[in-house]
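All values below were derived from every heavy atom in this structure, side-chain atoms included, with hydrogens, water molecules and symmetry-related copies excluded.
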Amino acid sequence: MATVDDLKFQANPDATTISIDEPVEIPKNQHGRLQEPGREEDDELLGTDDSDKTELLAGQKKSAPFWTFEYYQTFFDVDTYQVLDRIKGSVFPVPGKNFVRLYIRSNPDLYGPFWICATLVFTIAVSGNLSNFFIHLGKPTYHYVPEFRKVSIAATTIYAYAWLVPLALWGFLMWRNSKVMNIVSYSFLEIVCVYGYSLFIYIPTAILWIIPEKVVRWVLVMFSLCLSGSVLVMTFWPAVRDDNRRIALATLGTIVLLHALLAVGCLAYFFDAPELDFPAPIIPAHNGTTVITKSQ
């Protein structure tokens, strides 16, 4: 029969004592690979299933059907300070910083891109009419007639670029993401947001295009193209960096080329249109004959 001393707890001399006050060190090689310091920012842009499940459980994702007003209301749920901050980030890009991570990913919106495109449409149309008026000002054969068709042409061009190009780029990145694993992925809304805010620099540029000097106009278009193009390059370079080198460079080249074609096309069509030969006015003489004046 066991005595009382036998039932007492006895410490094991071979046991290891762990203090709760001492932090437990986790080996650095526990992960499959070491992360490079320069890519920590890009890894935050990778979408994972665990993060989606967490957002669903936390109730952060909207579950309203797409045919309801509440579904589209989330795309315009942004305040003035956020819009101004994103505009400032598109005009003054920070080298080495991702525009999506700094401004867009927390709350992508369509409010800013929509009104930026609308403002740019009317700015280009009005500035183009004023530029044409100032060029022919003082000519006796010129009669100013507002060209309202420029509004519809500018609207078609700007909104087609702001929606169709991001749609094509999003589809291409999704296709490459299925070929190359663990590359940075962007949603369609984020790409539209980046393209919309990158067009803001062309609003003050279009106003300055009224100056009837071709050299000044081309300097302005190159300056604005460098600013807005750098935002696109720094944003989409992490998405194609791990892909094939030729495909990555071709993708960035296409993005910059389309952006340049938009700027140069608007300048050439709305501001550098060729001068028209206006017919000379016919002035009736007192003796019954007509006199055709020759314009200088």
Side-chain angles (χ1 to χ4, degrees), residues 83 87-88 90-92 111-166 192 195-232 254-285 290-296:
V83 174
I87 290 176
K88 182 179 66 174
S90 65
V91 176
F92 304 102
Y111 179 86
F114 175 81
W115 286 112
I116 288 175
C117 292
T119 306
L120 181 60
V121 166
F122 286 99
T123 302
I124 290 179
V126 174
S127 298
N129 279 275
L130 290 177
S131 175
N132 190 30
F133 171 76
F134 290 136
I135 289 176
H136 300 92
L137 183 63
K139 296 182 178 180
T141 58
Y142 174 70
H143 299 281
Y144 174 72
V145 178
E147 299 182 69
F148 294 103
R149 61 184 180 86
K150 288 186 175 181
V151 178
S152 59
I153 295 175
T156 303
T157 304
I158 298 300
Y159 279 101
Y161 174 81
W163 284 93
L164 295 182
V165 174
V192 171
Y195 266 86
Y197 282 103
S198 67
L199 294 176
F200 177 83
I201 188 61
Y202 291 117
I203 296 177
T205 303
I207 297 176
L208 295 177
W209 279 344
I210 299 177
I211 302 174
E213 293 292 338
K214 289 187 176 182
V215 177
V216 176
R217 291 177 177 178
W218 282 103
V219 170
L220 290 172
V221 72
M222 294 303 297
F223 177 75
S224 58
L225 180 61
C226 291
L227 288 179
S228 58
S230 62
V231 174
L232 298 178
T254 304
I255 292 174
V256 175
L257 178 61
L258 293 177
H259 205 61
L261 287 177
L262 176 69
V264 175
C266 290
L267 176 62
Y269 181 80
F270 294 98
F271 297 89
D272 289 342
E275 297 186 10
L276 301 177
D277 294 331
F278 299 98
I282 300 176
I283 303 176
T290 59
V291 177
I292 301 177
T293 59
K294 184 178 181 181
S295 60
Q296 300 296 330

**OP:** Name all residues meeting the side chain to side chain contact (heavy atoms under 4.5 Å, CB included) criterion together with Val231; count only those two or more places apart in sequence or in a different chain, and write none if there are none.
**Re:** Pro93, Phe99, Thr235
**OP:** Report the distance from atom OG of Ser224 to atom CG of Leu267, rounding to the nearest 0.5 Å.
**Re:** 9.5 Å
**OP:** Drop me the distance from Ile87's CD1 to Phe200's CZ, to the nearest 0.5 angstrom.
**Re:** 4.5 Å
Subject >> CD on Glu147 to CD1 on Ile153, rounded to 0.5 Å >> reply: 8.5 Å
Original post:
For Tyr202, which residues count as a ring-ring contact (aromatic ring centres under 6.0 Å, His included) partner, sequence neighbours excluded?
Top reply: His259
Subject >> Interatomic distance, Ser228 atom OG to Ile201 atom CD1 [nearest 0.5 angstrom] >> reply: 7.5 Å
Subject >> Partners passing side chain to side chain contact (heavy atoms under 4.5 Å, CB included) against Leu208 (at least two apart in sequence or in another chain) >> reply: Leu220
Subject >> Pairs meeting criterion side chain to side chain donor-acceptor pair (under 3.5 Å) with involvement of residues 115-130, two or more places apart >> reply: none
**OP:** Would you confirm whether Ser131, through its side chain, and Gly128, through its main-chain N or O, come within 3.5 Å as a donor-acceptor pair?
**Re:** no
Subject >> Set of residues satisfying side chain to side chain contact (heavy atoms under 4.5 Å, CB included) with respect to Leu130, sequence neighbours excluded >> reply: Val126, Phe134, Ile210
Subject >> For Lys214, all residues meeting salt bridge (Lys or Arg N to Asp or Glu O under 4.0 Å), sequence neighbours excluded >> reply: none
**OP:** Scan residues 205-231 for pairs that pass ring-ring contact (aromatic ring centres under 6.0 Å, His included), counting only residues two or more places apart or in two chains.
**Re:** Trp209-Phe271
**OP:** Mind jotting down which residue pairs meet the salt bridge (Lys or Arg N to Asp or Glu O under 4.0 Å) criterion with at least one end in residues 215-229? Sequence neighbours excluded, please.
**Re:** Arg217-Asp272
Original post:
Rounded to the nearest 0.5 Å, what separation is found between the OG1 atom of Thr157 and the OH atom of Tyr269?
Top reply: 8.5 Å
Original post:
Where do Tyr161 and Leu258 come nearest, in terms of heavy atoms and distance?
Top reply: CE1-O, 3.8 Å
Subject >> Between CG on residue Leu227 and OG on residue Ser198, distance to nearest 0.5 Å >> reply: 11.0 Å
**OP:** Test Leu199 against Leu262 for side chain to side chain contact (heavy atoms under 4.5 Å, CB included), laying out the working first.
**Re:** CA-CA 10 Å; Leu199 294 176; Leu262 176 69; 3.7 Å; yes
Subject >> Atom of Ala162, atom of Val192 and distance for their closest heavy-atom approach >> reply: O-CG1, 4.1 Å
**OP:** Please list, chain by chain and in numerical order, all residues satisfying side chain to side chain contact (heavy atoms under 4.5 Å, CB included) with Val121, sequence neighbours excluded.
**Re:** Val151, Ala154, Ala155, Ile158, Tyr159
Subject >> Qualifying residues under side chain to side chain donor-acceptor pair (under 3.5 Å), relative to Tyr197, sequence neighbours excluded >> reply: Asp109
